[in-house]
2 protein chains.
Amino acid sequence: MMVSTKGRYALTVMVDLARSSGDGFVSLADIAERENLSMKYLESIISILNKGGMLQSLRGKNGGYRLARDPAEYSVNEILLLTEGTLAPVNCIMQDGVQCEKAATCSTLPLWAGLDKVIESYLSRITLEDIITGNRRKMLGEYCSSCEV
Amino acid sequence: MMVSTKGRYALTVMVDLARSSGDGFVSLADIAERENLSMKYLESIISILNKGGMLQSLRGKNGGYRLARDPAEYSVNEILLLTEGTLAPVNCIMQDGVQCEKAATCSTLPLWAGLDKVIESYLSRITLEDIITGNRRKMLGEYCSSCEV
DNA sequence: ACTTATTCCTACCTTGATGGTAGGATTTAC
DNA sequence: GTAAATCCTACCATCAAGGTAGGAATAAGT
């Protein structure tokens, strides 16, 4: 599994916040209840998003979180990258360009590098806006039967 | 990590065998030495490939394994699918179409479904033949700087 | 000033998959 | 008959995943 619950829940939280974009601060308790997820666990996840500069937060009563930017300006890629650390489909691809010692002679490396790029390319194209507007054509592309007109 | 060592080593073994395609049976000891991998571990992996009908084997002295088909007729996708069980990037996508109970209302599901399809599409396009001939254009596509003429 | 609701921080814990290892039984070529 | 292979079953250590727990700091409203 390339994306764990951490990354999935992070995206869920971001989508939830994107829907309330412009409505001020939203409490974690509200998000957890709406999404039916453990508030305690979400706490640790939203903390990563917050420290990564994706959110603005307000402590104390009536506090909460809100997006720091417009939903269209968040790619799914950056959200997952922040929470998961890496999205590489295999261990031999490192996110910062560091490579395995056998890299020079490894015949399967181009395959893994190509796969990594395909994934990154796809996830970079999709934004929070696409998700909340349900842009199925962009997400499912040629595979989307219900996109056909 | 979507692909573990099991799948990676399986591919390595298949590529190794593809290089010896037509030369008769190759022993696991030879493969393990060439690829510098634990023979005992490879044993459990090649057993999956063999039972999955990807190989032909011969027991006893001078025995070993060989490909059951032409290298061009193995997609990376089927090799990884057999050894890994699933290549889905998230838990909420099942390989047999079974879905999460929240699927009907889940706004992020189309994203994960799209990602899954992009990955499957890529891995289905690449064959063992592409890997042993080093078809970088096919593997790295638009991202391959050394492919530019 | 007090209460309440919230974020923030640190520590802990359980479970299952990953990545192997070990030992021997069986089969086949020479 | 022997050596060299595959085949089969069992075992095991480590680590990440997926949380839980408890409390400190902060801010709004009264």
Side-chain angles (χ1 to χ4, degrees), chain A residues 1-13 17 20 24-33 35-66 68 80 83-92 100, chain B residues 1-13 17 20 24-33 35-66 68 80 83-92 100:
Chain A
M1 209 64 41
M2 188 178 48
V3 180
S4 66
T5 57
K6 201 199 279 186
R8 277 201 290 133
Y9 291 179
L11 184 60
T12 297
V13 166
L17 286 173
S20 306
F25 292 93
V26 178
S27 82
L28 191 49
D30 285 356
I31 300 175
E33 192 186 358
E35 308 297 341
N36 197 26
L37 297 171
S38 151
M39 179 176 157
K40 272 298 187 182
Y41 188 30
L42 281 193
E43 214 180 287
S44 64
I45 292 168
I46 210 164
S47 159
I48 301 172
L49 294 168
N50 194 24
K51 285 179 184 167
M54 301 235 157
L55 303 177
Q56 287 168 349
S57 69
L58 181 66
R59 299 176 71 168
K61 193 164 183 177
N62 294 339
Y65 302 92
R66 68 180 178 200
L80 295 180
T83 46
E84 295 284 337
T86 173
L87 292 175
V90 286
N91 253 332
C92 51
C100 162
Chain B
M1 208 65 42
M2 186 180 47
V3 179
S4 66
T5 58
K6 201 199 281 187
R8 277 201 293 131
Y9 291 179
L11 184 59
T12 297
V13 165
L17 285 172
S20 306
F25 292 93
V26 178
S27 83
L28 191 51
D30 285 357
I31 299 175
E33 192 185 357
E35 308 297 340
N36 197 26
L37 296 171
S38 151
M39 179 175 158
K40 272 299 189 183
Y41 188 33
L42 282 194
E43 216 180 286
S44 64
I45 292 168
I46 209 164
S47 159
I48 301 171
L49 294 169
N50 194 24
K51 285 179 184 166
M54 301 236 158
L55 303 177
Q56 288 169 347
S57 70
L58 180 66
R59 298 177 70 168
K61 194 164 182 180
N62 294 338
Y65 302 92
R66 68 181 178 200
L80 296 180
T83 46
E84 295 285 335
T86 174
L87 292 175
V90 288
N91 253 331
C92 51
C100 161

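Just so you know, these numbers come straight off a predicted model, no measurement behind them. Computed from heavy atoms alone, side chains included, the values below leave out hydrogens, waters and symmetry copies.
Take A:F25 and apply the ring pair (Phe, Tyr, Trp, His ring centres under 6.0 Å) test, not counting sequence neighbours, and it matches no residue. The side-chain contact (heavy atoms from CB on, under 4.5 Å) test applied to A:N62 returns no partner, not counting sequence neighbours. Take B:K40 and apply the side-chain contact (heavy atoms from CB on, under 4.5 Å) test, not counting sequence neighbours, and it matches B:S38, B:E43. With sequence neighbours excluded, the residues forming a side-chain contact (heavy atoms from CB on, under 4.5 Å) with B:D30 are B:V26, B:S27, B:R34, listed by chain and number.
Across the protein-nucleic acid pair, B:N91 atom CG and D:dA17 atom C1' stand 10 Å apart, rounded to whole Å. Residue A:Q56 contributes atom CD, which lies 17 Å from atom C1' of C:dC8 at whole-angstrom precision. Rounded to a whole Å, the CG atom of A:L17 is 11 Å from the P atom of C:dT7. Atoms CD1 (B:I48) and P (C:dG20) sit 14 Å apart, rounded to a whole Å. The interatomic distance linking A:R66 (CZ) with C:dT6 (P) rounds to 17 Å, in whole Å. Put simply, CD1 on A:I31 is 15 Å from C1' on C:dA5, counting in whole angstrom units. In this structure, CZ of B:F25 is placed 17 Å from P of C:dT27, rounded to the nearest angstrom. A:L55 has its CG atom 14 Å from the C1' atom of C:dC8, to the nearest Å.
For A:S38 and D:dG18, the shortest distance from a side-chain N or O to OP1 or OP2 is not below 4.0 Å.
With C:dT18, C:dG20, D:dG18 as the choices, the nucleotide that has an atom nearest any side-chain atom of B:Y41 turns out to be C:dG20.
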- Query: With the sugar-phosphate defined as primed atoms, P, OP1 and OP2, and the base as all remaining atoms, what B/S/- string results for nucleotides 2-14 of chain D, 5' to 3', for protein heavy atoms under 4.0 Å?
  - Reply: -BBBBBB------
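Pairs of residues two or more places apart, or lying in two chains, that qualify as ring-ring contact (aromatic ring centres under 6.0 Å, His included) and include a residue from residues 40-62 of chain A are A:Y9-A:Y41.
Contact detail for B:L17 and B:R66: the closest heavy-atom pair is CD2-CA, 4.4 Å.
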